[in-house]
Participant: 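The structure is given below, and queries will be raised subsequently.
Quantities reported herein were computed from a predicted structural model and do not represent experimental measurements.
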Amino acid sequence: MKNKIHLFLMLGLLLLSFACQEEENPDPLVYWEQTGCADPWQTGPLETEEKLIKAVESYLKDKNVKNARVTSIFHDGREGVCLACTCTTGNRIYIAAPQNQKERLLNLGFQSID
């Protein structure tokens, strides 16, 4: 009986350990230079921040990027001096995700912070 309790406790701790690791969201790993209207989540620079965050996170989920989230949007990027859809707005969208998702984010066109 004592061995079963120890086995049960060890199994529970092991499962809890894996669950905590999966939910970790480190500091931002990547960023996206927002464009006038050429972003893959199809929003523009005039959208509300809330709508933009939802659109980006929905896009990442659709692309099977696990546990990624928008951490911030700052106007600290390169601002294009044209009106084409591909011109950058100066807004950077910062994304945090587990380290094992970084390669997938880079393949989608995000840029590494480090």
Side-chain angles (χ1 to χ4, degrees):
M1 179 69 168
K2 199 175 201 181
N3 286 339
K4 287 182 182 179
I5 292 173
H6 284 201
L7 180 62
F8 181 73
L9 288 174
M10 292 299 285
L11 183 60
L13 289 173
L14 183 63
L15 290 174
L16 183 61
S17 171
F18 282 120
C20 290
Q21 287 178 357
E22 187 65 32
E23 291 185 22
E24 269 185 39
N25 264 334
D27 290 332
L29 292 171
V30 297
Y31 66 91
W32 181 272
E33 295 278 353
Q34 185 184 30
T35 65
C37 55
D39 298 321
W41 39 85
Q42 301 176 345
T43 60
L46 301 179
E47 297 292 349
T48 65
E49 189 171 303
E50 180 181 331
K51 187 172 180 178
L52 178 59
I53 289 170
K54 285 182 182 180
V56 173
E57 289 179 349
S58 177
Y59 169 80
L60 294 174
K61 186 176 181 181
D62 289 346
K63 293 298 182 181
N64 204 27
V65 180
K66 297 183 185 336
N67 297 320
R69 64 182 173 86
V70 174
T71 59
S72 57
I73 301 170
F74 289 116
H75 192 75
D76 60 353
R78 296 174 298 210
E79 188 168 352
V81 288
C82 65
L83 299 176
C85 273
T86 56
C87 291
T88 56
T89 64
N91 291 335
R92 282 188 176 170
I93 304 167
Y94 291 91
I95 306 294
Q99 186 68 33
N100 64 1
Q101 298 296 300
K102 185 174 183 180
E103 192 67 32
R104 180 168 286 161
L105 287 161
L106 294 175
N107 288 337
L108 290 172
F110 288 84
Q111 298 177 44
S112 182
I113 289 175
D114 48 357

Participant: Rounded at 0.5 Å granularity, tell me how far CD1 in I95 sits from CG in L60.
Facilitator: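 Interatomic distance, I95 CD1 to L60 CG, rounded to 0.5 Å: 5.5 Å.
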
Participant: Using 0.5 Å steps for rounding, measure from the CZ atom of F110 to the NZ atom of K102.
Facilitator: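 Separation between the atoms: 13.5 Å.
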
Participant: Cluster question for you: counting only ILVMFWY and a side-chain heavy-atom cut-off of under 4.5 Å, with indirect links fine, are V65 and Y31 together?
Facilitator: no

Participant: In residues 85-92, what donor-acceptor pairs under 3.5 Å come from side-chain atoms, sequence neighbours left out?
Facilitator:
from, atom 1, to, atom 2, distance (Å)
T88, OG1, R78, O, 2.5
T88, OG1, G80, N, 3.2
T89, OG1, Q34, O, 3.4
T89, OG1, Q34, OE1, 3.3
T89, OG1, N91, N, 3.2
N91, OD1, H75, ND1, 3.0
N91, ND2, Q34, OE1, 2.9
R92, NE, E33, OE2, 2.7
R92, NH2, E33, OE2, 3.0

Participant: If we count only N and O atoms by modelled type, under 3.5 Å, do the side chains of K66 and N64 hold a donor and an acceptor together?
Facilitator: yes

Participant: Working to the nearest 0.5 angstrom, can you tell me the gap between E103 CD and L29 CG?
Facilitator: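 The distance works out to 12.0 Å.
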
Participant: Side chains of W41 and D62: does their closest heavy-atom pair fall under 4.5 Å?
Facilitator: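 Not in contact.
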
Participant: Applying salt bridge (charged side-chain N to carboxylate O under 4.0 Å, His left out), run through E57 and K61 and close with a yes or a no.
Facilitator: CA-CA 6 Å; E57 289 179 349; K61 186 176 181 181; over 6 Å; no

Participant: Is it true that L106 and V70 fall in one hydrophobic cluster, defined by side-chain heavy atoms closer than 4.5 Å?
Facilitator: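 In one cluster: yes.
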
Participant: Taking F74 as the starting point, is it possible to reach L105 by hopping between hydrophobic residues whose side chains are less than 4.5 Å apart?
Facilitator: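 No; tracing contacts between hydrophobic side chains, which count when under 4.5 Å, never links both residues.
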
Participant: To the nearest 0.5 angstrom, please state how far the CD1 atom of I53 sits from the CD atom of E49.
Facilitator: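 Output value for this atom pair is 4.5 Å.
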
Participant: When you compare the side chain of L108 with that of Y59, does any pair of heavy atoms fall below 4.5 Å?
Facilitator: yes

Participant: For K51, check salt bridge (charged side-chain N to carboxylate O under 4.0 Å, His left out) against everything at least two apart and list the hits.
Facilitator: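 Per chain and number, K51 pairs via salt bridge (charged side-chain N to carboxylate O under 4.0 Å, His left out) with E47.
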
Participant: Specify the closest pair of heavy atoms between A55 and T43, including all atoms of both residues, with the distance to one decimal.
Facilitator: CB-CG2, 3.6 Å

